[in-house]
Amino acid sequence: MYVIAHLSDPHLDGSEEARTRLRKITSYVRASSVDVVLVTGDLADHGLEIEYAEVAGELSVDVPVLVLPGNHDVSSPLRAGLKSFVDSPGDGHPVHQVRDVGAARFVLVDSTVPGQNHGQLSDESLAWLDGVLLEPFDGPVFVAMHHPPLDLHHPVMDQWMLQDRDAVAAVLTGKPITAILTGHVHNAIVTTFAGHPVRGAPGIRSTVPVPFEPSTGTGGGSVVDPSALPGLAFHIHTPGEPLQTIYRYPR
């Protein structure tokens with residue numbers, strides 16, 4: 001059995017509120033038995049190096065920690081502040097990585113577009129992803145990116161999803177992928193894309209209510225509900241069995 005603790009969207013900004021919400025999750029992870037921690041983007045809220053120093057301190061755990069950028073992150077400060085977490089050639093955008101942790105391979109895809117909220121993979125990134133996925137690997141392969149290849153059916157968030165999905169699907173279809181792991185929408189998501197399971201982690205900093213839900217009463221026209229409990233996903237891979245995902249919202 002191989003267990004992934006999947007976190008997303010802590011949006012650390014130096015505030016006690018953001019730090020406390022993340023610590024609820026990391027405390028729960030430290031008390032659990034997992035093989036790896038994956039954080040799928042929006043690590044910092046403003047992309048500042050001082051925020052990444054805070055991220056590095058808060059993500060100090062006893063198992064490997066994998067991180068990738070979200071639309072709030074900035075490549076160069078992220079690389080500088082999280083150099084012990086990031087193994088990616090170059091000194092700017094994109095921050096693509098391939099990381100083998102125990103029995104599993106993680107293909108960490110930078111789906112961000114500098115200065116924009118939506119996600120997109122360039123032709124060069126798609127060629128890189130195709131080449132990596134064609135490499136033989138004897139074990140589960142997880143593709144992780146910040147932006148999910150789906151619509152949330154939300155009038156604001158749907159403007160900021162992964163674009164040009166047909167091109168991404170063409171690369172992913174038929175490849176030996178165990179699951180696609182995403183963040184960005186601040187919601188637990190279970191769906192499929194290009195024939196593969198998609199699992200999205202809940203938001204740590206906040207949740208995004210969808211239009212068919214009751215009003216959260218947050219007021220001010222905000223897209224997010226900062227009062228919702230922070231959450232995380234545990235993905236459990238057992239050879240010969242479907243991937244299981246359990247969502248937790250520690251109080």
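Every heavy atom of this structure was used, including side-chain atoms; hydrogens, water molecules and symmetry mates were not. What you see is a predicted model, and the numbers here were worked out from it, not measured in a lab.
- With hydrophobic clusters built from ILVMFWY side chains whose heavy atoms lie under 4.5 angstrom apart, I246 shares a cluster with I25.
- Shown here for A201 and L7, the closest heavy-atom pair between the two residues is CB-C, 4.3 Å.
- Of the possible donor and acceptor atoms, one in the side chain of Y247 sits under 3.5 Å from a partner among the backbone N and O of I189.
- Interatomic distance, NE2 of H184 versus CG of D9, reported as 8.0 Å (0.5 Å rounding).
- Formation of a donor-acceptor pair under 3.5 Å by the T112 side chain with backbone atoms of P69 is not found in this model.
- Looking only at side-chain heavy atoms (C-beta outward), P10 and V39 come within less than 4.5 Å of each other.
- Not a single donor-acceptor pair under 3.5 Å links the side chain of N187 to the backbone N or O of P209.
- No chain of hydrophobic side-chain contacts below 4.5 Å, direct or via other Ile, Leu, Val, Met, Phe, Trp or Tyr residues, connects V74 to L82.
- Linking Ile, Leu, Val, Met, Phe, Trp and Tyr residues whenever their side-chain heavy atoms come within less than 4.5 Å leaves L43 and L48 in two separate clusters.
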- Task: Check step by step if side chain to side chain contact (heavy atoms under 4.5 Å, CB included) holds for V67 and V86.
- Result: CA-CA 7 Å; V67 301; V86 173; 3.9 Å; yes
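- Distance check: K83 NZ to S88 OG gives 14.0 Å after rounding to the nearest 0.5 Å.
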- Item | CA sep, side-chain torsions, deciding dist, call: V141, L133, side chain to side chain contact (heavy atoms under 4.5 Å, CB included) | CA-CA 9 Å; V141 175; L133 293 176; 4.1 Å; yes
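- Formation of a donor-acceptor pair under 3.5 Å by the D100 side chain with backbone atoms of R105 is not found in this model.
- Using modelled atom types, one finds a donor on one side chain and an acceptor on the other under 3.5 Å when comparing T40 with H6.
- Note: D45 CG to S15 OG = 8.0 Å, rounded to the nearest 0.5 Å.
- Listed for the D158 side chain is a donor-acceptor partner under 3.5 Å among the backbone atoms of H153.
- Considering all non-hydrogen atoms of both residues, D110 and L121 come closest at O-CD2, 3.6 Å.
- Across all their heavy atoms, D151 and R165 have their closest contact at OD1-NH2, 3.0 Å.
- Between P114 and S75, the closest side-chain pair of non-hydrogen atoms is not below 4.5 Å.
- Ring-plane geometry between F142 and H237 is classed as perpendicular, the angle between the planes exceeding 60 degrees on a 0 to 90 degree scale with a lower cut at 30.
- When every heavy atom of R30 is checked against every heavy atom of S60, the shortest pair comes out as NH2-O, 2.9 Å.
- F106 and V63 are members of different hydrophobic clusters when ILVMFWY side chains are connected at heavy-atom separations under 4.5 Å.
- Residues V34 and F234 have side chains in contact (heavy-atom distance under 4.5 Å, counting atoms from C-beta outward).
- Side chain of S76 to backbone of G92: no donor-acceptor contact under 3.5 angstrom is found.
- For the side-chain hydrogen bond (donor to acceptor under 3.5 Å, both in side chains) with D13, the lone residue among H46, R205, H72 that qualifies is R205.
- Atom CD1 of I4 is separated from atom CG of L232 by 12.0 Å, given to the nearest 0.5 angstrom.
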- Task: Report the C-alpha separation of W160 and N71 in whole Å, then their side-chain angles, then the decisive distance to 0.1 Å, and conclude whether the side chain to side chain contact (heavy atoms under 4.5 Å, CB included) test is met.
- Result: CA-CA 9 Å; W160 301 338; N71 52 292; 5.9 Å; no
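- Panel note: side chain H235, backbone T245; no donor-acceptor pair is recorded below 3.5 Å.
- Closest approach of R79 to P94, counting heavy atoms only: NH2-O, 3.0 Å.
- Here the closest non-hydrogen pair linking H147 and N117 is NE2-O, 2.9 Å.
- Between the R19 side chain and the E58 main chain, no donor and acceptor come within less than 3.5 Å of each other.
- In this structure, D73 contributes its side chain and D42 its backbone to a donor-acceptor pair below 3.5 Å.
- Both L150 and M157 are members of a single hydrophobic cluster when ILVMFWY side chains are connected at heavy-atom separations under 4.5 Å.
- Residues H96 and V109 are in side-chain contact: their nearest non-hydrogen atoms beyond the backbone lie under 4.5 Å apart.
- To the nearest 0.5 angstrom, L172 atom CG is 8.5 Å from L126 atom CG.
- Side-chain atoms of M161 and V185, non-hydrogen and from C-beta on, do get closer than 4.5 Å to each other.
- Proximity of a side-chain donor or acceptor of Q97 to a complementary backbone N or O of D87 within less than 3.5 Å is detected.
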- Query: Should H186 and H154 be marked as a ring-ring contact (aromatic ring centres under 6.0 Å, His included) after you check the CA-CA gap, both sets of side-chain angles, and the distance that decides it?
  - Reply: CA-CA 12 Å; H186 294 223; H154 187 288; over 10 Å; no
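- Within the model, atoms CG of L229 and CZ of R251 stand 5.0 Å from one another, a figure rounded to the nearest 0.5 Å.
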- Task: Would you please test V107 and W128 for side chain to side chain contact (heavy atoms under 4.5 Å, CB included) and show each step?
- Result: CA-CA 10 Å; V107 183; W128 172 84; 3.7 Å; yes
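- The environment of CD1 in I50 is sparse: at most 12 heavy-atom neighbours from other residues, nucleotides or ligands sit within 6.0 Å.
- Side-chain contact between Y249 and P202 is present, with at least one heavy-atom pair separated by less than 4.5 Å.
- Of the options V190, V143, I180, L181, a side chain to side chain contact (heavy atoms under 4.5 Å, CB included) to V198 is made by I180 and by none of the others.
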